[in-house]
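Below, all heavy atoms of this structure are taken into account, side chains as well, without hydrogens, waters or symmetry copies. Each chain gets a letter, A, B and so on, in the order the sequences are listed, and its residues count up from 1.
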2 protein chains.
Amino acid sequence: MQRPGGRSARVRSAVHTAVLELLEARSWEELSVPLVAEVSGVHQATIYRRWGTMSALLNDVVNEWSATTASLPSTGSLRDDLHIYAAAVAKSLRDGSVPLILRAVVLEIRPGERHRASPAFAERERQLQLMLDQSAERGESVPTLAELLELVVAPLYFYALFTEPMAEAEAARLVDRLLDIVARRGPNTPEVTS
Amino acid sequence: MQRPGGRSARVRSAVHTAVLELLEARSWEELSVPLVAEVSGVHQATIYRRWGTMSALLNDVVNEWSATTASLPSTGSLRDDLHIYAAAVAKSLRDGSVPLILRAVVLEIRPGERHRASPAFAERERQLQLMLDQSAERGESVPTLAELLELVVAPLYFYALFTEPMAEAEAARLVDRLLDIVARRGPNTPEVTS
DNA sequence: AAATTAATGCAAGGAAATTCGCGTTATGAT
DNA sequence: ATCATAACGCGAATTTCCTTGCATTAATTT
């Protein structure tokens, strides 16, 4: 019989908060369970028993973070929705802690093991597909999810990881290019590729 | 007075080889200096003295690897060059050890510190810019470096990191889309943006 | 509110990682 | 060939990380 409420929830929250604080303040390699224990006020043994490894703890933090991230906009116009979404992603990627969370996701990749999308991204993709579907029902010509990922999301993450996070204005440029391609393909939406 | 040759070079090579072996064989978090020492036959203390941390060692391996990577193609046709390049990147991203090296690059990002492109990428970008310049001199209409990065390189890395590495055929699709955009913009190359 | 028992705290113990002192090897200069 | 010393090997000391057994707290059931 599990006991998710009360003290356990408080401990979980304290540990998560401490991890996020440390991710912003210290460098990656000095992040450790004993440090998190000290900052959070939770005992080491508790953290080890509940999460096992630093890596698993990071993964939990990432899932929590993605779940509580603001939901997608729904203005009735795909163009507006995408602009808002792209700006939000660009902003979050500039916020400091998010690139570090990204590193946690990257660390979860195991060699050999064919890794599906990390949970954080799976949820995001589901929401994006929903946005596209709703737009299609309104009769707009919509890009595919793959196009959205490749032309908007991928560049945002690429720059954030390897060079400098994009400015929000630049992110808008990505959306415009995507919609430009879609528009040129034809305003009347053909059959959806099954 | 430094002594880069002879034994030092041999030690460096043995350690690098061991790291690459371990990156392919074991999971990320069981990678450690003592393990590298055992596999390479080089003493722990030597590794600690020369590289300091596992992270710094990984960075060194990455730089070495990028320096010895095959140079870019030069067929006389930008389209062919790009297809070959994209296929090569896609292939290397499927090869197992390279995604792991990618992680090393990502891990080098320090909080706060405004990170420019890592040396490995800076060199790659230089080579790509050269390819584009040569094509422009031949009178072809060329994309900008940013366009090439955003439309071809970014999706390749995005998929490799967060879902599944792309197949080489899919990579070709990215190149076609890029060239399609460039062609529609006008076959006559305008002034180069300074 | 009494009872049951997850979940945590605590402290000691063991395991792994990192550093240090010192003797040895062999590179590069003379 | 000889010399000075950078770089390495070795083993021990030290620090840090992780585990384990037991006592305590408090969430949940009755």
Give the C-alpha distance, both sets of side-chain angles, the deciding distance and a yes or no for side-chain contact (heavy atoms from CB on, under 4.5 Å) between A:Leu132 and A:Leu128. CA-CA 6 Å; A:Leu132 295 178; A:Leu128 288 173; 5.6 Å; no
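- A:Leu35 and A:Val19 fall within the same hydrophobic cluster, defined by Ile, Leu, Val, Met, Phe, Trp and Tyr side-chain heavy atoms under 4.5 Å apart, directly or through other members.
- In this entry the distance linking CD1 of B:Ile47 with P of D:dA7 reads 16 Å, nearest Å.
- To the nearest 0.5 Å, atom CG of residue B:Leu148 and atom CE of residue B:Met131 are 7.5 Å apart.
- Nearest approach of A:Trp51 to A:Ala56, heavy atoms of both residues: O-CB, 3.2 Å.
- Here the C1' atom of nucleotide C:dA7 and the CH2 atom of A:Trp51 are 12 Å apart, to the nearest Å.
- Atom pair A:Leu57:CG and D:dC18:C1' shows a separation of 15 Å (rounding to whole Å applied).
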For nucleotides 20-30 of chain C, read 5' to 3', which letter fits each nucleotide if B means a protein heavy atom sits under 4.0 Å from the base, S means only the sugar-phosphate is that close, and - means neither? BB---BBBSS-
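- Ring planes of A:Phe162 and B:Tyr157: perpendicular class, angle over 60° (limits at 30 and 60°).
- With hydrogens and angles disregarded, a donor-acceptor distance shorter than 3.5 Å links the side chain of A:Thr163 to the backbone of A:Tyr159.
- Regarding A:Leu31, its CG atom lies at a distance of 11 Å from the P atom of D:dC18, rounded to whole Å.
- Note on residues 53-64 of chain A: pairs passing salt bridge (charged side-chain N to carboxylate O under 4.0 Å, His left out), not counting sequence neighbours, are A:Arg12-A:Asp60, A:Arg12-A:Glu64.
- Going from atom CD of A:Gln44 over to atom P of C:dA12 covers 14 Å, rounded to whole Å.
- At whole-Å resolution of the value, CZ in B:Arg12 and P in D:dC8 are 11 Å apart.
- A:Ser32 has a side-chain polar atom (N or O) that falls below the 4.0 Å cut-off from OP1 or OP2 of D:dC17.
- The 12-atom threshold is exceeded at CD of B:Gln129, counting heavy atoms of other residues, nucleotides or ligands nearer than 6.0 Å.
- Atom CG of A:Leu151 is separated from atom CD1 of A:Ile181 by 5.0 Å, given to the nearest 0.5 angstrom.
- Between the OH atom of A:Tyr48 and the C1' atom of C:dA16 there is a distance of 11 Å, rounded to whole Å.
- Here the P atom of nucleotide C:dT18 and the CZ atom of B:Arg50 are 18 Å apart, to the nearest Å.
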Report the secondary structure of DNA chain C in dot-bracket form, marking unpaired bases with a dot and bases paired to a different strand with |, and treating Watson-Crick or G-U pairs with both distances under 3.5 Å as paired. ||||||||||||..||||||||||||||||
